[in-house]
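Data first, discussion second: the structure below is written as structure tokens.
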Amino acid sequence: MEVVITDHPEQVMADIIAGAVRGGARTLGLATGSSPLPTYRELIRRHNDDGLSFAGVNAVLLDEYVGLPPTHPESYARFIRDNFTNHVDLGDVYSPDGMAPDSSAAADAYDARIAEVGPVDVQILGIGSNGHIGFNEPSSSLTSRTRIKTLTAKTREDNARFFDDDLSQVPMHVITQGLGTISDAKHLALVATGAGKAEAVAAAVEGPLTASCPASILQWHRRATVVVDPAAASKLTAADYYRYVYANKPR
Ligand code: GLP
């Protein structure tokens, strides 16, 4: 696992994605939430100013709220279109069907779809303050596949800010790629910023590999990069070592 501590996480993340796309990546894994937004803005800028093209590249989303139609402003399908995919020349964008009458069947179908269009070359990830990735809350099976999950009270509170601070509007259930599904990606790139993520980042990077911190599966992945700003890195005990390794990375 590579840990990159930088004042410009969006540049490092955009370099990873752009490098993969230029190297022939066919499928990107996209995350929602506020953490990857600067990365998406930077990729859009590179598309407009530097000729970065996503032609022939498809994308899969990590997760979706159950009960929100893709037209709802807070549905992840809409979020990713508004904030990224509508602004570049990406091909198809797939996401779980949060409106399906049978969420479990929709989850199975989505897992099969990922297997069809995958493997995902680079999966972008954020991290929840409780260590979740996608919507895999603590206690998620480390080999889980896409399925319906119930959000923790903490995650619903964290996400209420997107729903006019009205907790009652935050859906209780979601469909999320499982930790096993996410792990099928060739490269996992997690971005986290701000002191509010410091504890979760430290648990993911330096704590035990445990379902109690779903992001700790990055430790078990053959290629994982954690890109953090100094505030999000502030609880990493080996921060100096990560800085030293990155500064001396063979180019
Ligand atoms: C949501 C998403 C995650 C995201 C997390 C953190 O729960 N399902 O994919 O990583 O929130 O969001 P933020 O980046 O806004 O802190």
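Numbering of ligands and ligand atoms starts at 1, following listing order.
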Which of the numbered atoms in ligand 1 are below 4.0 angstrom from a heavy atom of [X]?
{"X": "Tyr76", "result": "1 (C), 2 (C), 8 (N)"}
{"X": "Asn159", "result": "1 (C), 7 (O)"}
{"X": "Gly126", "result": "10 (O)"}

Any N/O pair Ser34/ligand 1 closer than 3.5 Å: yes
Answer yes or no for Gly134: is there a heavy-atom contact with ligand 1 below 4.0 Å? yes
Ligand 1 contacted by Arg161 (non-hydrogen, < 4.0 Å): yes
To which protein heavy atom is [atom] closest, and what is the distance rounded to 0.1 Å?
{"atom": "atom 6 (C) of ligand 1", "result": "Ile127 O, 3.6 Å"}
{"atom": "atom 4 (C) of ligand 1", "result": "Thr32 O, 4.1 Å"}
{"atom": "atom 12 (O) of ligand 1", "result": "Gly33 CA, 4.0 Å"}
{"atom": "atom 16 (O) of ligand 1", "result": "Lys197 NZ, 2.6 Å"}
{"atom": "atom 11 (O) of ligand 1", "result": "His132 NE2, 3.8 Å"}
{"atom": "atom 8 (N) of ligand 1", "result": "Asp63 OD2, 2.8 Å"}

Can we call the ring centroids of Phe54 and Phe84 under 6.0 Å apart? yes
Mind checking the [atom1]-[atom2] spacing from [X] to [Y]? Nearest 0.5 Å is all I need.
{"X": "Cys213", "Y": "Glu199", "atom1": "SG", "atom2": "CD", "value": "10.5 Å"}
{"X": "Ile5", "Y": "Arg243", "atom1": "CD1", "atom2": "CZ", "value": "4.0 Å"}
{"X": "Thr176", "Y": "Arg147", "atom1": "OG1", "atom2": "CZ", "value": "6.5 Å"}

Indicate the ring-plane relationship of Tyr76 and Phe79, choosing parallel, tilted or perpendicular according to the 30° and 60° boundaries. perpendicular
Basic-acidic side-chain contact under 4.0 Å: Arg78, Glu74: no
Nearest heavy atoms of [X] and [Y], plus distance in Å:
{"X": "Asn130", "Y": "Thr155", "result": "ND2-OG1, 3.5 Å"}
{"X": "Asn136", "Y": "Gln177", "result": "ND2-O, 2.8 Å"}
{"X": "Leu30", "Y": "Ala59", "result": "CD1-CB, 3.6 Å"}

Heavy-atom nearest option to atom 14 (O) of ligand 1, drawn from Ser35, Gly196, Pro36: Ser35
